[in-house]
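Just so you know, these numbers use all the heavy atoms, side chains as well, and skip hydrogens, waters and symmetry mates.
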Amino acid sequence: MSGYLDRLNAEQRAAVEALDGPLLVLAGAGTGKTRVLTTRFAHILMSGRAGPGQVLSVTFTNKAAREMRERIAAILGRPVEGLWLGTFHALAARILRRHAAQVGLEPNFSILDTDDQLRLLKQVMQAESIDAKRWLPQGLMGIIQRWKDRGLTPDRVTAAEDTDFAGGRARDIYAAYQDRLRTLNAADFGDLLLHVTEIMRNQPEILAQYHRMFRYILVDEYQDTNLVQYLWLRLLAQSHQNICCVGDDDQSIYSWRGAEVENILRFEKDFPGARIVRLEANYRSTEQILGAASGLIAHNEGRLGKTLRSGRNDARGDKVEVIALWDSEEEARMIGSRIEALRQDGHRLSEIAILVRAGFQTRAFEERFITLGIPYRIVGGLRFYERAEIRDAIAYLRLIVQPADDLAFERIVNLPRRGVGDAAMRSLYAYSRSQGVPLMLATERLVASGELRGRVRENLAELLQNFMGWRELLQREGHVVTAATMLDESGYTAMWKADKSPEAPGRLDNLKELVRALADFETLSGFLEHIALVMENEESTDADRVSLMTLHGAKGLEFDTVFLPGWEEGLFPSQRSMEETGLKGLEEERRLAYVGITRARLRAVISHAANRRIYANWQSNVPSRFIEELPAEHISQTGAARADRQQRLTTPPIFSGAFALTAARPRLAPGAWEQASRPPRAESIPVGARVFHQKFGYGTVMAVDDNRLDIAFEQSGEKRVLDTFVERA
DNA sequence: AGGTTAGTAATTTTT
DNA sequence: TTACTAACCT
């Protein structure tokens, strides 16, 4: 415990010891900002200035919050209770539950995810007779979200601001949407911050209460805060000014989601007398990598400015490689073979990442890795709680707790099929609206009155009966048993068992996993709160796999080797980004490139292809401008750069159709890469075994040839695949 | 009511 | 190309 300060360098120590008054810590990539935050927390406690419950620590991700909590416990040598440490959303929800009445909600309000949000908004738009084809609901959802990001309640939105949607009706629909949320006793993500800020703006006594409570404030990733978050922090800090924000303006990559870099650039003005400490000693990357990254980011205007220097005392490292390739498939082959080579040299696959600009780019690599037998994982795909079957199950659970949850009711009333169609729903809505009662109660009344008849009536009567039974069961047997029973009795499990699609068995597994996850919580509502706010994948870090992810998803991570494919104009920097926000967009793309390079400890390989398939057709691309911006002394241009330029001159710029593709593509020694790879033998799978493959689903092994299996897939026909890619079902 | 088909639209996504 | 939705048929 003692001597926790000794493990810091001079600048880190300065950031930790400047306890009183506003402090901005500009922490470059890999300079130990989490260490500073956690040590500062410990130092506040050790200096006796505040207790554990009097420090507010805000992060953006649950992962960051968890890491901070663990490291604080490690420094103090004991687990700490009663911390106010969490994401903006989790903390806001916690506070909002105490004061829900101030904004017209009950303390047990439910938190909607984007799916619910969109459905609700569609309904409101329909009620307002907006043509959903001309004006896309997701467009309006974006507008509303951005208003919420800026702390604008409907009454604060000016008419001048409301012009670009449905002829200036966005504000009205926003207001109607907020009304609907209130009657549903629900809040969307944006509301959590918006409501809390609104309460603190309007209720000085409540604000004062939190001033007394939080003597110190710590903020992580300050460059990513949006305006409401900023307003909220400023309100909280206004009495004592003991606010410490840590961030890096060069890593601000979420402006499209409402983050405002200006928050960090303006810090000194917002908090007069603020101290600024720069963390510039990077302990992660080699000098070459830092040199390349710094040279690139120097092209941005309006930076606070930092000069990263290597804090590592090992080798200077290899130059950042820039490799030009003919087409995207060659790029995938090149990276695949490089990874094979690294693996043969004894490098762990989990220390290798491929970082792409957009999600669809991972596909080419997946396909390549499947043929090569390189295990990979896609980070940040569909999340567990976003899967349809999980959301359905959750809707059932929500209805057990909150019979008035209309959104949940709509989701599952006809799932599995109960014969509830348009006509039945219309009468339910009509009754619900005219009597001002939730849909479930409306159902009960219409079943009783006989307005619903036939099979629908029977099925719904049974459903209502079931819900009463489950609520009782919840009291008697607890939430785990209830959930399991509910999934069976509702017919939901049976529905998936009857489904013959290849995903169905996986979905059933997910449902089992959900029931298992429920056991980790004391109560059902505790679980529901968790899933609303913690939308992350638990990572299965067990296996040694290459990571495939977007650049955005890579923030905060680091790897020995990083591949950065697709550095081409239009793709990266992205065309759309530049069209939408011009120079600002370009600079954000450049920061994204900077984030990408600085993820690498030892090796970074940038590549670009002259031709790339986008959807159905081929498109020829020029190298990204970012490549030219890399300082020459830190990069080595290798690969087919010259050859490609010549080829490009003699080949038409745009290829279309499969014929042109096969004709134009250079053929590298076929099988050359496959030869190099010999994946470690998996447990042998006998002929006749039923197996599961990620892409092809379930099948039966017909023949075995060393590590190659001929499998008759139930959905995709017969295929030959490597045994490492199937598991026994 | 429910399944089928044609049309449409496609970055990034910490909660 | 694929995935999703809205109209359309049975």
Side-chain angles (χ1 to χ4, degrees), chain A residues 58-67 86-93 111-114 117-118 122 131-133 136-139 141-142 145 148-149 187-193 220-221 223-226 228-229 251-259 355-364 367 379-383 385-386 388 414 416-425 454-456 459 529-537 549-557 566 570-581 585 588-589 591-592 595-596 613-618 658:
Chain A
V58 198
T59 65
F60 271 84
T61 64
N62 290 294
K63 198 172 152 201
R66 202 183 321 121
E67 191 182 343
T87 63
F88 272 104
H89 296 271
L91 293 167
I111 300 167
L112 301 189
D113 59 31
T114 43
Q117 257 178 73
L118 191 63
K122 275 182 187 164
D131 180 6
K133 260 176 278 169
L136 291 172
Q138 34 274 64
M141 195 159 95
Q145 245 156 34
K148 289 187 175 180
D149 285 342
D188 65 23
F189 276 127
D191 281 343
L192 298 174
L193 267 306
D220 192 14
E221 306 277 19
Q223 78 283 352
D224 287 335
T225 50
N226 60 34
V228 225
Q229 291 163 341
Q251 293 188 66
S252 159
I253 54 175
Y254 281 110
S255 76
W256 50 275
R257 254 177 46 170
L355 309 182
V356 296
R357 174 67 248 261
F360 70 83
Q361 291 173 266
T362 58
R363 251 191 112 105
E367 279 166 19
V379 180
L382 193 58
R383 285 176 275 228
Y385 294 116
E386 281 170 356
N414 203 30
R417 293 267 129 87
R418 297 190 177 91
V420 183
D422 272 354
M425 281 314 286
R455 228 165 49 85
V456 181
N459 289 339
E529 177 91 354
H530 172 83
I531 53 158
L533 293 170
V534 183
M535 290 285 267
E536 62 181 2
N537 281 329
M549 65 184 102
T550 64
L551 287 159
H552 285 93
K555 194 159 98 168
L557 304 178
L571 183 60
F572 189 40
S574 125
Q575 191 62 43
R576 187 131 153 208
S577 177
M578 291 186 293
E579 276 164 12
E580 276 170 12
T581 42
E588 182 149 315
E589 296 283 304
R591 290 194 291 267
L592 203 47
V595 168
R613 195 161 70 165
I614 305 279
Y615 305 126
N617 36 2
W618 288 79

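For N414(A) and dA1(B), the shortest distance from a side-chain N or O to OP1 or OP2 is not below 4.0 Å. For dT1(C), neither phosphate oxygen OP1 nor OP2 lies less than 4.0 angstrom from any side-chain nitrogen or oxygen of R363(A).
The only option from L91(A), T87(A), D220(A) that meets the side-chain contact (heavy atoms from CB on, under 4.5 Å) definition with V58(A) turns out to be L91(A). Applying side-chain contact (heavy atoms from CB on, under 4.5 Å) to H89(A) and the options L193(A), I111(A), N62(A) leaves one that passes, L193(A).
The CZ atom of R418(A) sits 16 Å away from the C1' atom of dG2(B) (whole-angstrom rounding). Computed from coordinates, the K555(A) NZ to dT15(B) C1' distance equals 14 Å when rounded to whole Å. Atoms CG (D149(A)) and P (dT15(B)) sit 15 Å apart, rounded to a whole Å.
In this structure, D224(A) reaches the bases: a heavy-atom distance under 4.0 Å links it to at least one base atom across the strands shown. Residue A423(A) is in sugar-phosphate contact alone, with no base atom involved, counting any heavy-atom pair closer than 4.0 Å across all strands shown.
The OG1 atom of T114(A) sits 6.5 Å away from atom CD of E386(A), with the distance rounded to the nearest 0.5 Å.
Between the side chains of Q117(A) and Q145(A), a donor-acceptor pair is found at a separation under 3.5 Å.
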Could you list all N or O pairs between the protein and nucleotides 5-10 of chain C that sit under 3.5 Å apart?
from: dA7(C); atom 1: OP1; to: K133(A); atom 2: NZ; distance (Å): 3.0

Polar atom pairs between nucleotides 10-13 of chain B and protein, under 3.5 Å, N or O only, would you list them?
from: dT11(B); atom 1: O4; to: S577(A); atom 2: N; distance (Å): 3.1
from: dT12(B); atom 1: OP1; to: G359(A); atom 2: N; distance (Å): 3.0
from: dT12(B); atom 1: O4'; to: R357(A); atom 2: NH2; distance (Å): 3.4
from: dT12(B); atom 1: O2; to: R357(A); atom 2: NH2; distance (Å): 2.2
from: dT13(B); atom 1: OP1; to: T550(A); atom 2: OG1; distance (Å): 2.5

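Ring geometry for Y254(A) versus H552(A): interplanar angle of 30 to 60°, hence tilted.
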E580(A) and R576(A): CA distance, side-chain angles, deciding distance, salt bridge (charged side-chain N to carboxylate O under 4.0 Å, His left out) verdict
CA-CA 6 Å; E580(A) 276 170 12; R576(A) 187 131 153 208; 3.3 Å; yes
Pair K148(A), D188(A) - check salt bridge (charged side-chain N to carboxylate O under 4.0 Å, His left out), show working.
CA-CA 10 Å; K148(A) 289 187 175 180; D188(A) 65 23; 2.7 Å; yes
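F572(A) is linked by a ring pair (Phe, Tyr, Trp, His ring centres under 6.0 Å) to W567(A), F626(A), counting only residues two or more places apart in sequence or in another chain.
Ranked by how close their nearest DNA chain B nucleotide is to the 5' end, V420(A) and E221(A) are led by V420(A).
Between R357(A) and S574(A), the shortest heavy-atom contact is NH1-CB, 3.4 Å.
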